[in-house]
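Since the structure comes first, as structure tokens, the remarks are kept for the end.
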Protein chains: 2
Amino acid sequence: MYKQLKLDHQLCFRLYAAARMVMQAYTPLLHNLGITYPQYLVLMVLWENDGQPVNDIAHRLLLETNTVTPLLQRMEKEGLVTRHRGTVDKRQQIVSLTQKGKELEESASAVPLGLGKRMASCPMKLDDYILMAQQLDSIVEALKEDKTAKQK
Amino acid sequence: MYKQLKLDHQLCFRLYAAARMVMQAYTPLLHNLGITYPQYLVLMVLWENDGQPVNDIAHRLLLETNTVTPLLQRMEKEGLVTRHRGTVDKRQQIVSLTQKGKELEESASAVPLGLGKRMASCPMKLDDYILMAQQLDSIVEALKEDKTAKQK
DNA sequence: ATCAATTGCATCGCTCGCGATATAAAATAT
DNA sequence: ATATTTTATATCGCGAGCGATGCAATTGAT
């Protein structure tokens, strides 16, 4: 009746579905490495810059610290990272890669290509890819602003 | 070191982040209606076509039934839907809207516009919107095929 | 008609994701 | 210097989301 409520007219459902499908496509690849998709994201953050406080990791991934803390605890239990109190600010937990965590980077370097193969039937050209990345960024930016605005 | 592992080069992270941010933007709007985002999706499916088995709802939303079953149980507890054994196939649970569930449609019809306001600062034109919807569809299609292919 | 394979749904166990709340450390105010 | 506020992290409770497993109804094979 209300055409704005039709599922097929909604961008949000497509985003929701696509994000889950992509995560599912990653799962078997990451399973070989013994990690989950959010853990893979944390590792990418640390591979770029090792030894960050919980807050920085959370901000980078647009997650709350109460999501990241248990995630890191599980990763610590798996021997991927260590956590130490910050020396300057004793409230901070500085998260660092273990040897095992560092060594994972090399095996993980094959993951993006592996995903590419699964997307082979997807008719996206490089231009489409870049445009889409920009559009997603603009959505994220708009909603980040909106979110901080509401917090005031 | 491995540039393919840089977070900023990955479409998947943008998708993941954007999907979560959009869901977060919906949350306050849906909270007024007493429902969550996945429950909103189930209701949209039923508003389009009332009285569907669990499997059809799950397929429409690209979810597994073991996600949808508990979701429906919570919605039944909230008095939004009822579940009855199918008469033709007794394995099926036919899910139908209650009066409360039906009445929610009218209040929900304002939700998409409400979200539009939150996205006001997002510089997307109608053409961008349509193109993005198509691209997301092609990603979902490609990964659906890949998924069913692997199942064989 | 009988037996085997498939299908539809439910249950269990685990990881996320987040709002609400708690606690200690740091920054700021007075 | 002390009191107040803010910040960084942790904990709790709940709703997803999904792989694995179980069970009953249905379908297919012989």
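Note on naming: letters A, B, ... go to the chains in the order of the sequence lines (proteins, then strands), and numbering restarts at 1 for each one.
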TODO: Report yes or no: is the cationic atom of Arg20(A) (NZ for Lys, CZ for Arg) closer than 6.0 Å to the six-membered ring centre of Tyr16(A), at no more than 45° off its axis?
DONE: yes

- [ ] Would you name the heavy atoms of Ile94(A) and Gly86(A) that are closest together and state the gap between them?
- [x] CG1-CA, 3.8 Å

- [ ] Any chance you could list the contact pattern along nucleotides 17-27 of chain D? Use B for base contacts, S for sugar-phosphate-only contacts and - for none, protein heavy atoms under 4.0 Å, 5' to 3'.
- [x] BBBB----BS-

TODO: Let me know the distance between CD of Gln73(B) and C1' of dG15(D), rounded to the nearest Å.
DONE: 13 Å

Open item on the list: What is the separation between atom CG on Leu72(A) and atom C1' on dG17(C), rounded to the nearest whole Å?
Closed with: 14 Å

Open item on the list: Rounded to whole Å, please give me the gap between NZ in Lys77(A) and P in dC16(C).
Closed with: 12 Å

- [ ] Scan Thr65(A) against the nucleic acid and name what it touches under 4.0 Å (heavy atoms): base, sugar-phosphate only, or nothing.
- [x] base

TODO: Please state how far atom CG in Asp56(B) lies from atom P in dG8(C), giving the value in whole angstrom units.
DONE: 9 Å

TODO: Could you tell me whether the phosphate oxygens of dC9(C), OP1 or OP2, come under 4.0 Å of any side-chain nitrogen or oxygen in Arg83(B)?
DONE: no

Open item on the list: In this structure, how many angstroms lie between the P atom of dA10(C) and the CD atom of Gln92(B), rounded?
Closed with: 11 Å

Open item on the list: Under 4.0 Å from OP1 or OP2 of dG8(C): is there any side-chain N or O of Gln93(B) that close?
Closed with: no

Task: Atom-to-atom span, CE of Met75(A) to C1' of dC16(C) - whole angstrom - done: 13 Å

Open item on the list: Can you tell me if Thr36(A) touches the phosphate of dC16(C), counting only side-chain N or O atoms and a distance under 4.0 Å to OP1 or OP2?
Closed with: yes

Open item on the list: Under a 3.5 Å distance rule, please check whether Asp56(B) uses its side chain to pair with a backbone N or O of Pro53(B) as donor and acceptor.
Closed with: no

Open item on the list: Given dT9(D), dA16(D), dT15(C), identify the nucleotide with an atom nearest to the side chain of Gln39(A).
Closed with: dT15(C)

Open item on the list: What is the separation between atom CZ on Arg85(A) and atom P on dA8(D), rounded to the nearest whole Å?
Closed with: 13 Å

Open item on the list: So does Asn55(A) get a backbone contact from the side chain of Arg60(A), meaning a donor-acceptor N/O pair under 3.5 Å?
Closed with: no

Open item on the list: Strictly distance-based, threshold 3.5 Å: is any side-chain N or O of Arg85(A) a donor or acceptor partner for the main-chain N or O of Lys90(A)?
Closed with: yes

Task: N/O donor-acceptor pair under 3.5 Å between His84(B) side chain and Val95(B) backbone - done: no

Task: Integer-rounded Å distance: dC16(C) C1' and Leu61(A) CG - done: 13 Å

Open item on the list: Determine whether a donor-acceptor pair (N or O, by modelled atom type, separation under 3.5 Å) exists between the side chain of Thr67(A) and the backbone of Leu63(A).
Closed with: no

